[in-house]
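Note that ligands are numbered from 1 as they come in the structure, with each ligand's atoms numbered from 1 the same way.
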Amino acid sequence: MRIDILTLFPGMFTGVLNESILGRAQEAGILQFGLFNIRDYSANKHHCTDDYPFGGGNGMVMMCQPVFDCLDAVRAQSAGRPHVIFLSPRGKTLTPLRARQLSQEEHLVLLCGHYEGLDERIMTQVDEELSIGDYVLTGGELPAMVLIDCVARFIPGVLGSIGSAEEESFNDGLLEYPQYTRPAEFRGMKVPEVLLSGHHANIQKWKREQSLLVTRERRPDLLAKAALTKADRAFLAAHDGGKTP
Ligand code: 4H3
């Protein structure tokens, strides 16, 4: 997958994209990133990218011209038609389902705003507005990085030996069970016996049950939506935290 990023602050991305799992995915040729500095496309002699809002109001608004020209440059370089996303608190909230769907795209373009916002006419160039949550940030750069990381996990080969994103939190609608590593006892705290037993079926059962308990306790909203088996329901009913006498 190719991901082009349009931003006024390309330097914000270098660490995040080049370290750890995303860095390795680039080396493996699974992911390619392009950083475009919107300022480089300003036709203004002072390389201006923002201006005062018509009708007054606080702050500055990103101008059409540099963003349109930057997007044109990205499109001129691409064979197909990229999917253009604008990161914004007014977009739909990113979900694991949407992230998985986006992981099938060949080419994403992420547009990051700064200042108070963008000239609304730029939205004619955007296919989708996405938000990473109900809070406002100083720019769309951090949300773009979150989106990239979240989508990349669903691309085959990116997680490699770490396992598949499918196995992890949210995918079967439940939170993860607790995990332990050596030593088996640390400062008097013991690892649950079953994990040391080597009994595969019992271990799988324990993990599922722990997922059910932790999800009910912390995110009952997720539990209500999860696909539960008869055995899951029976287990939860038998371990209702003493609500039933
Ligand atoms: C996205 C962008 C929060 C999110 C953002 C989010 C600054 C967009 C400015 C930038 C606009 C304010 N904040 N929740 N902020 O995903 O350019 O709207």
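To the nearest 0.5 Å, the span separating CG on L102 from CD1 on I155 amounts to 10.0 Å.
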Sub-3.5 Å pairs, protein N or O with ligand 1 N or O:
unit_1	atom_1	unit_2	atom_2	d
ligand 1	13 (N)	L137	N	2.9
ligand 1	14 (N)	S131	OG	3.2
ligand 1	14 (N)	G133	O	2.9
ligand 1	14 (N)	Y135	O	3.1
ligand 1	15 (N)	L137	O	3.1
ligand 1	16 (O)	I132	N	2.8

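When the ring pair (Phe, Tyr, Trp, His ring centres under 6.0 Å) test is applied to F9, the partners found at least two apart in sequence or on another chain are H114. T229 pairs by the side-chain hydrogen bond (donor to acceptor under 3.5 Å, both in side chains) definition with D232, not counting sequence neighbours.
Through chains of ILVMFWY side-chain contacts below 4.5 Å, F186 is grouped with M189.
A 6.0 Å sphere centred on CD of E193 holds no more than 12 heavy atoms belonging to other residues, nucleotides or ligands.
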Would V16 and F33 count as a side-chain contact (heavy atoms from CB on, under 4.5 Å) if you check the C-alpha gap in whole Å, the side-chain angles of each, and the deciding distance to 0.1 Å? CA-CA 11 Å; V16 169; F33 296 108; over 6 Å; no

